[in-house]
Amino acid sequence: MAKPRPRLPWWKKSAFAAITCCLFFTALELMLALCGVRLPADADPFVGFDQQSLFVPLASPSDGGEPVLQTRRAKLAWFNDQQFSVKKRPGTLRIFCLGGSTTYGRPYADSTSYVGQLRELLSIALPGRPIEVINCGGVSYASYRLTKVCHEIANYEPDAIVLQTGHNEFLEERTYGAIRQVPAWRRELTRLAARTRTFQLLDRSLGSRGDAPRPATLASEVTAILDHPATAQEQSSPSAPRRAVGLEAYHRDDALRERIVEHFSWNLRRMARIADDIGVPLLLVTPACNLADCEPFKSEPSISAGTAESAEQLVSAQQLLAVGRRPEAIAQLQKLVEQQPRFAAAHYWLGRALLASPDALSADEAVRARRHLLRAIEEDVCPLRAIDPLVKAMHDVTGDHVRLVDFRGLLEDDCRRRHGHTCVGQAYFLDHVHPRVHWHGALAKQLAAELADMDVISINTADLETAGAAVDQWAERQLTPERRGSGLRNLAKVLNWAGKHLEAGELALEACRILPNDPEANLLAAGYLREFQRLDEAIEHARRATWGSPVLADACRLYALLLGDAQRWQEAEAAARVWLNTSPQEASAHELLGIALANQQRWPDALTELRQAEQNGIDSPRLRAALAIATHHVGDLATAAKRYRALLDASFDADLSYNYALLLIEQQRTDEAKQLLAALSADHIAPEMRQAASELLEQLNRN
């Protein structure tokens with residue numbers, strides 16, 4: 001009798017099955033490769049969008065030589081115009097710099113950015129060698145959009161890639177949808193599988209599961225939350241400069257913040273893999289920002305029930321600090337952050353108060369100030385500066401081919417030497433994130449040193465220092481008055497867009513001193529001056545703004561409103577008519593024109609314009625009052641009486657009471673008129689009105 005064959009243990013069966021499966025799929029993968037099936041790029045598991053390539057072939061190269069790639073025309077609203085040859089010439093050093101508006105060169109130009117200064121530095125330090133440092137900085141571009149740019153430029157023979165990102169991650173609205181519910185390990189496993197030809201073939205053949213989580217779809221270009229349009233009510237009561245309505249859309253969402261950080265980390269790893277696949281180094285520049293002189297863009301207290309009280313305590317502490325009562329301000333702010341630990345503005349002002357030492361800053365105060373200023377960034381509900389987890393993600397992705405360039409640390413070291421603390425502020429930045437030109441140059445030198453250390457270039461320290469000194473002088477020459485003025489204006493526009501209207505106004509005034517007739521700078525300056533009731537100056541700036549077409553409609557609007565504020569009614573009438581020519585359906589223009597005509601006692605025309613404003617959606621107390629008075633003066637006493645009564649039932653107004661008394665006299669209702677006039681004799685009524693009411697009451701009593 002034959003002996004029974006021994007049964008294999010379960011673990012051997014499992015091992016043989018796994019080996020067989022692996023061999024099968026390896027063979028299938030090899031076969032697909034031999035058949036020409038290309039290995040796919042990683043698909044973004046978080047968001048999807050159809051982003052056009054950044055560079056396209058130039059139709060006819062100017063020198064008639066090698067084919068040239070140029071920035072796509074449709075992209076020039078976000079990117080600098082750059083050109084380079086399709087085929088890299090022998091010996092050429094080609095470096096691509098990716099990032100947001102800092103890389104772009106805001107608020108000035110590519111030539112004053114760290115990219116432009118690196119290009120000039122390498123040209124001086126490496127004479128005779130063709131240098132191509134290509135600026136791929138996209139205004140408002142976040143890491144997920146830069147990943148697509150990185151994938152594209154990998155095809156253009158780079159010798160190195162520089163990446164500076166982190167400040168724009170919260171600019172666009174991303175919900176992530178069902179992606180939030182998928183564990184990170186599952187997303188990573190799916191990503192690894194998706195990098196195989198077999199997975200892609202099965203995915204295309206079988207189709208995607210209908211219930212599978214899909215990434216959110218974004219527009220092909222940046223659509224910032226801060227660009228959300230104003231509501232109809234806000235448009236009907238215009239004030240200039242218009243606030244960033246999109247700021248209202250920001251609210252604290254910790255779960256969303258975690259997904260954004262996770263997405264950012266994924267993008268960094270993806271770009272690191274792209275660089276590694278083509279065998280070039282990736283230099284990650286840590287995102288630096290204005291820590292000491294930039295208040296959070298939006299603050300929300302931790303406990304909503306205490307919002308009003310917290311705001312009052314904050315204002316009180318600011319007032320104490322303004323009059324030099326620093327210890328009391330610090331004590332009050334310390335109490336406030338203990339009560340409301342997530343109130344960004346309280347942390348910011350506590351940090352500011354700690355830095356405002358009249359004597360030498362103590363080490364403890366410096367440490368505490370930095371801690372609270374950093375916390376202010378972390379708790380900013382509208383974080384337009386890179387939060388700490390994003391910076392940490394950069395540190396986590398470094399490796400053999402990924403070098404961290406600590407620009408943030410460079411600025412902090414300089415600040416420590418000069419000021420005794422590491423809370424960098426306006427000495428280093430023009431606004432919240434854009435460095436001054438000198439510090440762009442410092443970053444360019446830091447990058448050149450790193451490139452030399454990684455053997456991308458061969459240059460000694462002495463030559464680098466000599467070239468750096470020459471570039472400093474060269475960069476200063478790039479800042480012509482025209483460029484400086486337009487840069488300040490652009491910076492003012494950015495701050496105004498982000499809701500910081502007062503800071504924007506100061507910069508706009510400075511820009512106007514350099515470029516007196518710049519329409520956009522004058523418009524911002526006029527709006528700023530209006531806030532402080534400096535009407536004559538504001539009117540002059542608004543008048544200058546009407547000379548330029550880029551802001552013609554807004555300038556006409558503000559010019560007319562300012563003339564109305566100043567009660568220069570004939571001029572206001574003319575300006576309102578020009579405003580209506582630019583915006584025929586603008587309800588506020590009809591309202592202002594009607595009020596201007598009423599103040600010139602042109603009642604029928606005034607009533608026509610005021611009714612048009614009402615039909616177009618205006619429903620303000622000012623309009624209702626003007627309608628009541630105009631209706632009264634054209635003789636429709638019954639309608640006017642109803643309007644007066646409704647307004648006075650809602651709230652007392654001395655002028656309306658007096659006008660209503662006049663109407664009642666016309667209707668022979670003298671007893672009611674006397675009651676209204678008697679009420680106008682109270683002490684809180686303006687003297688002129690008390691006198692007019694008293695004289696009219698006396699006349700009625702005599703009769």
Side-chain angles (χ1 to χ4, degrees), residues 100-101 140 142 166-175 222-231 233-234 239 241-261 264 287 289-315 317-318 333 336-337 339-352 372-390 425 429 431-434 491-505 507 527-528 531:
S101 57
S140 297
H167 293 312
N168 296 330
E169 298 306 303
F170 292 85
L171 268 182
E172 290 190 88
E173 189 170 9
R174 287 175 283 162
T175 61
V222 178
T223 306
I225 297 172
L226 290 173
D227 286 332
H228 285 185
T231 63
Q233 182 179 0
E234 286 157 340
S239 62
R242 294 186 179 181
R243 66 187 182 85
V245 177
L247 210 58
E248 300 294 328
Y250 280 93
H251 295 285
R252 184 172 285 117
D253 187 338
D254 292 331
L256 175 62
R257 179 174 290 218
E258 288 179 11
R259 296 290 79 76
I260 286 174
V261 171
F264 180 77
C289 67
N290 186 338
L291 194 60
D293 297 308
C294 179
E295 193 169 0
F297 287 86
K298 185 174 182 181
S299 297
E300 285 182 356
S302 315
I303 306 167
S304 58
T307 299
E309 294 81 0
S310 297
E312 290 175 5
Q313 291 176 46
L314 180 62
V315 170
Q318 290 171 330
L333 288 163
L336 181 55
V337 298
Q339 294 171 344
Q340 299 278 17
R342 304 200 68 181
F343 192 11
H347 283 285
Y348 171 77
W349 282 103
L350 179 52
R352 291 269 301 186
H372 286 290
L373 290 170
L374 285 172
R375 182 70 182 273
I377 293 177
E378 295 304 305
E379 299 298 346
D380 194 340
V381 181
C382 177
L384 302 184
R385 294 171 290 179
I387 59 176
D388 198 57
L390 300 180
F429 290 92
D431 60 356
H432 58 303
V433 293
H434 296 111
L491 194 57
K493 288 168 62 179
V494 170
L495 289 172
N496 188 58
W497 170 74
K500 291 183 173 289
H501 303 311
L502 297 183
E503 296 95 323
L507 283 171
Y528 168 74
E531 295 289 325

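These figures come from a predicted structure and were not determined experimentally.
The structure places CG of L256 at 4.0 Å from CD1 of I260, a figure rounded to the nearest 0.5 Å. Note: H251 NE2 to C382 SG = 11.0 Å, rounded to the nearest 0.5 Å. Atom CZ of residue R257 and atom CG of residue L390 lie 8.5 Å apart, to the nearest 0.5 angstrom. Here CG of L247 is found 9.0 Å from CZ of F297. Values are rounded to the nearest 0.5 Å. Atom-to-atom distance recorded for L336:CG and E309:CD is 11.0 Å, nearest 0.5 angstrom. The CG atom of L291 sits 6.0 Å away from atom SG of C289, with the distance rounded to the nearest 0.5 Å.
In terms of heavy atoms, L384 sits closest to A498 at CD1-CB, 4.1 Å. Across P383 and I387, no two heavy atoms sit closer than the pair CB-CG2, 4.0 Å. Taking both residues in full, the closest heavy atoms of D293 and G425 are given as OD2-CA, 3.3 Å, listed atom of the first, atom of the second, then distance. For the residue pair G166 and F264, the shortest heavy atom distance occurs at CA-CE1, 3.9 Å. Scanning both residues, A504 and N496, for their nearest heavy atoms gives CB-N, 3.6 Å. Minimum interatomic distance between L171 and W497 (heavy atoms only, all atoms of both residues): CD2-CH2, 3.6 Å.
In this structure, the side chain of D431 engages the main chain of H434 through a donor-acceptor pair within 3.5 Å. Remark: side-chain polar atoms of H372 are not paired, donor with acceptor, to backbone N or O of A346 under 3.5 angstrom. Side chain of R375 to backbone of A344: no donor-acceptor contact under 3.5 angstrom is found. Judged by distance alone, the side chain of D380 and the main-chain N or O of K298 form a donor-acceptor pair under 3.5 Å. Looking at H167, its side chain does come within 3.5 Å of a backbone N or O of A386 through a donor-acceptor pair.
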Exercise. Run the side chain to side chain contact (heavy atoms under 4.5 Å, CB included) check on L495 and K493 step by step: do they pass?
Worked result: CA-CA 5 Å; L495 289 172; K493 288 168 62 179; over 6 Å; no

For this session: Could you please spell out the steps behind the side chain to side chain contact (heavy atoms under 4.5 Å, CB included) verdict for E503 and C294?
Result: CA-CA 10 Å; E503 296 95 323; C294 179; over 6 Å; no

Problem set entry | Residues Q313, Q339; criterion side chain to side chain contact (heavy atoms under 4.5 Å, CB included); working and verdict | CA-CA 11 Å; Q313 291 176 46; Q339 294 171 344; 3.3 Å; yes

For this session: Assess whether side chain to side chain contact (heavy atoms under 4.5 Å, CB included) is satisfied between E300 and R342, documenting all intermediate values.
Result: CA-CA 7 Å; E300 285 182 356; R342 304 200 68 181; over 6 Å; no

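Counting only N and O atoms by type, the side chains of H432 and N290 include no donor and acceptor under 3.5 Å apart. When only modelled atom types and interatomic distance are considered, H347 and E379 share no side-chain donor-acceptor pair under 3.5 Å.
Remark: R385 is not positioned above the aromatic ring of F170, lacking an NZ or CZ atom under 6.0 angstrom from the ring centre and at most 45 degrees off the axis.
You'll find the side chain of I377 stays beyond 4.5 Å of the side chain of Y348, heavy atoms only. Residues V381 and D253 are not in side-chain contact: their nearest non-hydrogen atoms beyond the backbone lie 4.5 Å or more apart.
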